[in-house]
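The next block holds one structure in the form of structure tokens; read it before the comments.
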Amino acid sequence: MKRGGSSVCIRDKGRGRESGWILLLLLLLSLSLVGMQLLLSSNQILPIPLPLPFSFHQRHTSTSSNNSSCHLGAFGDKMVSMLPPDLPFTLFLPSPSSFQKILRLDPATSLVPDDITLNNTLAILSRVLAFSAVPQLLPVGALPVRTALSVDAVSGLKLLAWRDLDGTVVVNGIRSECVNIRKGELIVHVIAGVLMDPEFEQSFFPDYEEDT
């Protein structure tokens, strides 16, 4: 989303202070528009949204159109296995690095056959699955270009998805790394982040946050 005020020329301190207020008002207006979008009904075409606060995304993302080089990883495979392969679902799956950096899950330790550890891991994966799975097929070609489509995840979380000009899928501000991976009737888009609601978000911290 383009930010306003790029053509404002600051000639003196008074004009600089006035420009600061204008930028602040534009920011507040943008945040208000995001809130209004969340109140609209599902399956409605909306303008492209700002990244939403309940979606953790990594600062450095990459997009790959070569699905043969895209790996779901151990946690991704586990999440896919939780969905019925013969029903139409779209899964916005976190990338392997997102599982490790954002959800703090390590394949070497989080999937060990220990009842407590494994149960905790499966509980996290189940919650993420509910935020990431949509009970309808949304291939790249079905998404509007640079115009957001509002859909509901299984949990009821509102997702705003759209397609960029280069074919990248963007959902709640998170860009895809791989798209249109077929697993039976399931369509998987691997994204560089994790979809979650504010309550679940409190349990995790972004990978770029400094330790205090």
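Quick caveat: nothing in here was measured; it's all calculated off a predicted structure.
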Linked, directly or transitively: L87 and F92 (ILVMFWY side chains, under 4.5 Å): yes

Should L93 and S132 be marked as a side chain to side chain contact (heavy atoms under 4.5 Å, CB included) after you check the CA-CA gap, both sets of side-chain angles, and the distance that decides it? CA-CA 7 Å; L93 182 71; S132 308; over 6 Å; no

Apply the test side chain to side chain contact (heavy atoms under 4.5 Å, CB included) to residues F131 and D197: give CA-CA distance (whole Å), side-chain angles for both, the deciding distance (0.1 Å), then the verdict. CA-CA 8 Å; F131 299 135; D197 67 5; 3.6 Å; yes

Answer with yes or no whether the hydrophobic clustering places V154 together with V134; edges join I, L, V, M, F, W, Y residues whose side-chain heavy atoms lie under 4.5 Å apart. yes

Side chain to side chain contact (heavy atoms under 4.5 Å, CB included) between F200 and V128, intermediate numbers included: CA-CA 9 Å; F200 191 63; V128 174; 3.9 Å; yes

For V140, what residues pass the side chain to side chain contact (heavy atoms under 4.5 Å, CB included) criterion, not counting sequence neighbours? R163, V169, V179, N180, H189

Linking I/L/V/M/F/W/Y whenever their side-chain heavy atoms sit closer than 4.5 Å, directly or via other members, would I187 and I191 fall into one cluster? no

Which atoms form the tightest heavy-atom contact between M196 and E201, and what is the distance? SD-CA, 3.3 Å

Across all chains, not counting sequence neighbours, the salt bridge (charged side-chain N to carboxylate O under 4.0 Å, His left out) partners of D164 are R146, R175

I116 versus N120: any side-chain heavy-atom pair under 4.5 Å? yes

Sub-4.5 Å side-chain heavy-atom contact between L186 and V188: yes

Distance (rounded to the nearest 0.5 Å) between L137 CG and F89 CZ: 10.0 Å

Minimum heavy-atom distance between A192 and S95, given as atom pair plus value: CA-OG, 4.2 Å

Side chain proximity check, L160 to V171, heavy atoms < 4.5 angstrom: no

Tell me, please, which residues at least two apart from A142 pass side chain to side chain contact (heavy atoms under 4.5 Å, CB included). P139

At their closest point, which heavy atom of A130 faces which heavy atom of A153, and how far apart are they? O-CB, 3.4 Å

On a heavy-atom basis, which atom in E185 and which in R182 lie closest, and how many Å separate them? O-NH2, 3.7 Å

For residues 77-84, dump all side-chain donor-acceptor pairs below 3.5 Å to protein atoms at least two apart in sequence or in another chain.
from : atom 1 : to  : atom 2 : distance (Å)
S81  : OG     : K78 : O      : 2.6

Shortest non-hydrogen contact from P144 to T147? CG-O, 2.8 Å

State yes or no: do L105 and L122 share one hydrophobic cluster built from I, L, V, M, F, W and Y residues joined by side-chain heavy-atom distances below 4.5 Å, directly or via other members? yes

In sequence, state the C-alpha distance, the side-chain angles, and the governing distance for L195 and I174, and then conclude on side chain to side chain contact (heavy atoms under 4.5 Å, CB included). CA-CA 9 Å; L195 297 169; I174 308 176; 4.0 Å; yes

Among pairs that include at least one residue of residues 105-116, which meet side chain to side chain donor-acceptor pair (under 3.5 Å), considering only residues two or more places apart or in two chains? D114-T117

For P107, give me all partners under side chain to side chain contact (heavy atoms under 4.5 Å, CB included), at least two apart in sequence or on another chain. A74, F75

Taking the side chain as everything from C-beta on, heavy atoms only, tell me whether C70 gets closer than 4.5 Å to E177. no

Shortest non-hydrogen contact from L72 toward P96: O-CG, 3.7 Å

Min side-chain heavy-atom separation D152-L157 under 4.5 Å: no

Separation of L129 CG from L91 CG (nearest 0.5 Å): 6.0 Å

Measuring only between side-chain heavy atoms, which start at C-beta, is V151 closer than 4.5 Å to Q136? yes

